[in-house]
Amino acid sequence: MIQPHSNALSTPILIAIDMDGTLLDSEGHVSERNRAALRSAEEAGIEVVIATGRRHSFAMRVLRDLKLRHTNALVSSNGTVIRTIGSELLHRSHMPLETARWLCQHVAEFRSTLVLTFDTVGDDGEDTRGALVVEDPEELYSNIERWMQSNEAYIAHVPSLEDALDGDPPIQMMLCGPVDRMHQAEALLMEHPLITPVGATARHDAEIALHRTEYPGRDLCILDILPAGCSKASALERLAELRGISLQQVLAIGDNWNDLPMLEIAGQSVLMSNAPEALKELAGERGWTIGHSNDEDGVAVAIETALNIVSAPGATEKPVMVV
């Protein structure tokens, strides 16, 4: 079983859980053991918060079936938006239109991999077409075909991305493609002094924050371009204030670089063993727990440990490296 690190509370008040690569297994499913652990947490009076890079409506495709409490918060778009599971808006940040137009020009050589995201969520938790805007979908279909197909109903195709930047401002922009190509895009973005690097503390005058999600086995990197100051950590800070709790009472569970900010601020942090090796090395430096993988019910093991729940008979366990 996982042993929480020394500054963690044995029973958190809020548990923040990433989705892809964490709560979801490699097939995109939530295991029965993970489902049972979420129910146990709620029965213990703990708020289960999903913190994801997905848009609200895309996350809800999975979460509706879990039947979490409607008052539980859902942090979406890497912290840009906070809604409840029941779709009540708690907070939202926008990227200034002028900044978004400049970015379209600044990353001109990567425009074929660029997606604009707008928050068009209604009371039913669904988006409308135009929530996602692309200029040339061919390379995107090559890089993330399944995602493009799943989101086809929300994607608007425009002759020029700037055409979509005459009305409401976006909540984020996204570049996605092979790892090396996205590292080149990241290097280009970092040439501007007011863009905050991945995992870095923002300057007071920063305009943009970068967040990266990597899947080396798939040769895929997603580079999220967010309004300055936005992250899963900033969302949890705001949520903790709304709930009247301390961040020391939060357990955070994640697997990738976009989870880094929330892992750093939580009182207890668990990094999945399927995380990138460089991130696991960082976990060692930070003293975080390295738990089971997403295909080994890692979320359930972390929650069961926090709640002192004995594993169900027959549940698969293996030694877990604690750093």
Side-chain angles (χ1 to χ4, degrees), residues 2 15-42 48-68 72 74-78 85 115 125-127 132 140-155 174 176-179 182 212-222 224 232 252-259 270-277 279-280 290-305 311-312 314-318 320-321:
I2 299 173
I15 302 177
I17 308 169
D18 171 57
M19 283 188 70
D20 295 277
T22 302
L23 180 62
L24 305 185
D25 63 22
S26 297
E27 300 299 319
H29 301 139
V30 182
S31 72
E32 286 303 320
R33 187 176 175 190
N34 279 350
R35 289 169 185 262
L38 297 180
R39 289 193 297 270
S40 295
E42 289 201 327
V48 174
V49 174
I50 303 302
T52 178
R54 294 188 182 206
R55 301 182 338 278
H56 181 94
S57 67
F58 196 44
M60 286 304 299
R61 291 189 180 187
V62 174
L63 300 183
R64 281 190 184 92
D65 185 52
L66 299 185
K67 295 180 171 54
L68 296 170
N72 287 12
L74 167 55
V75 173
S76 58
S77 297
N78 277 321
I85 294 291
V115 180
E126 269 295 333
D127 267 329
L132 302 167
L140 287 164
Y141 267 103
S142 175
N143 295 331
I144 49 172
E145 180 179 8
R146 188 168 65 176
W147 184 88
M148 291 289 287
Q149 291 173 341
S150 296
N151 285 281
E152 192 281 330
Y154 311 111
I155 299 173
M174 176 182 78
C176 55
V179 173
M182 290 301 98
R212 184 195 325 119
T213 308
E214 283 188 3
Y215 303 100
R218 296 161 56 191
D219 190 24
L220 176 65
C221 178
I222 299 170
D224 286 311
K232 293 184 180 184
I253 310 172
D255 80 300
N256 223 302
W257 292 102
N258 63 329
D259 298 315
V270 176
L271 180 70
M272 309 290 282
S273 64
N274 51 286
E277 289 302 319
L279 188 53
K280 286 195 281 189
I290 297 180
H292 289 208
S293 76
N294 62 324
D295 288 325
E296 299 167 315
D297 302 319
V299 165
V301 175
I303 293 175
E304 289 163 2
T305 300
S311 300
T316 301
E317 291 287 351
K318 72 171 190 176
V320 178
M321 178 175 67

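Just so it is clear, the values below take in all heavy atoms, side chains as well, and ignore hydrogens, waters and symmetry mates.
Closest heavy-atom contact between Leu279 and Asp255: CD2-O, 3.9 Å. Considering every non-hydrogen atom in both Ile85 and Met60, the closest pair reads O-CE, 3.7 Å. The two residues Cys176 and Asn143 have their closest heavy-atom pair at O-ND2, 3.2 Å. Of all the heavy atoms in Ala37 and Ile303, the pair that sits closest is O-CG2, 3.6 Å. When every heavy atom of Glu214 is checked against every heavy atom of Pro276, the shortest pair comes out as O-CG, 4.4 Å. Contact between Ser293 and Ser273 at its shortest, heavy atoms only, is N-OG, 3.0 Å.
A donor atom on one side chain and an acceptor atom on the other are not found under 3.5 Å apart for Asn294 and Thr22. Side chain to side chain, Asn256 and Thr213 fail the donor-acceptor criterion of an N or O pair below 3.5 Å. Checked by atom type, the side-chain pair Asn274/Glu296 shows no donor-acceptor distance below 3.5 Å. At a cut-off of 3.5 Å, with distance as the only test, a side-chain donor of Ser57 or Asp127 sits close to an acceptor on the other residue.
Distance alone, capped at 3.5 Å, places no donor-acceptor pair between the Asn34 side chain and the Val30 backbone. Proximity of a side-chain donor or acceptor of Asn72 to a complementary backbone N or O of Val49 within less than 3.5 Å is not detected. Looking at Lys232, its side chain never comes within 3.5 Å of a backbone N or O of Asn78 through a donor-acceptor pair. The backbone N or O of Val179 sits less than 3.5 Å from a side-chain atom of Asp219, completing a donor-acceptor pair. Of the possible donor and acceptor atoms, none in the side chain of Arg212 sits under 3.5 Å from a partner among the backbone N and O of Ile222. In this structure, the side chain of Arg33 does not engage the main chain of Val301 through any donor-acceptor pair within 3.5 Å.
If you take OG on Ser31 and CG on Leu23, they are separated by 8.0 Å, rounding to the nearest 0.5 Å. Rounded to the nearest 0.5 Å, atoms CG (Leu220) and CE (Met182) are 9.0 Å apart. Between Leu132 atom CG and Trp147 atom CH2 the span is 4.5 Å, to the nearest 0.5 Å.
For Ala59, the side chain to side chain contact (heavy atoms under 4.5 Å, CB included) criterion is met by Met19, Thr52, Arg54, Leu63, Leu74, not counting sequence neighbours. With sequence neighbours left out, Glu126 forms a salt bridge (charged side-chain N to carboxylate O under 4.0 Å, His left out) with no residue at all. Residues passing the side-chain hydrogen bond (donor to acceptor under 3.5 Å, both in side chains) test with Ser142, sequence neighbours excluded: none.
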Do Lys280 and Glu277 pass the salt bridge (Lys or Arg N to Asp or Glu O under 4.0 Å) test, and can you show the C-alpha distance, the side-chain angles, and the key distance before you say yes or no?
-> CA-CA 5 Å; Lys280 286 195 281 189; Glu277 289 302 319; 3.0 Å; yes

Run the side-chain contact (heavy atoms from CB on, under 4.5 Å) check on Asp297 and Glu32 step by step: do they pass?
-> CA-CA 9 Å; Asp297 302 319; Glu32 286 303 320; over 6 Å; no

Test side-chain contact (heavy atoms from CB on, under 4.5 Å) on His56 and Ser77 and set out the steps.
-> CA-CA 7 Å; His56 181 94; Ser77 297; over 6 Å; no

Could you walk me through whether Ile50 and Leu68 pass the side-chain contact (heavy atoms from CB on, under 4.5 Å) check?
-> CA-CA 10 Å; Ile50 303 302; Leu68 296 170; 4.2 Å; yes

Begin with the C-alpha distance, continue with both residues' side-chain angles, and end with the deciding distance and a verdict on side-chain contact (heavy atoms from CB on, under 4.5 Å) for Leu38 and Leu66.
-> CA-CA 9 Å; Leu38 297 180; Leu66 299 185; 3.9 Å; yes

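Judged by the 6.0 Å and 45° rule, Arg55 forms a cation-pi pair with Tyr154.
Counting heavy atoms from C-beta outward, Ile253 and Asp18 have side chains that stay 4.5 Å or more apart.
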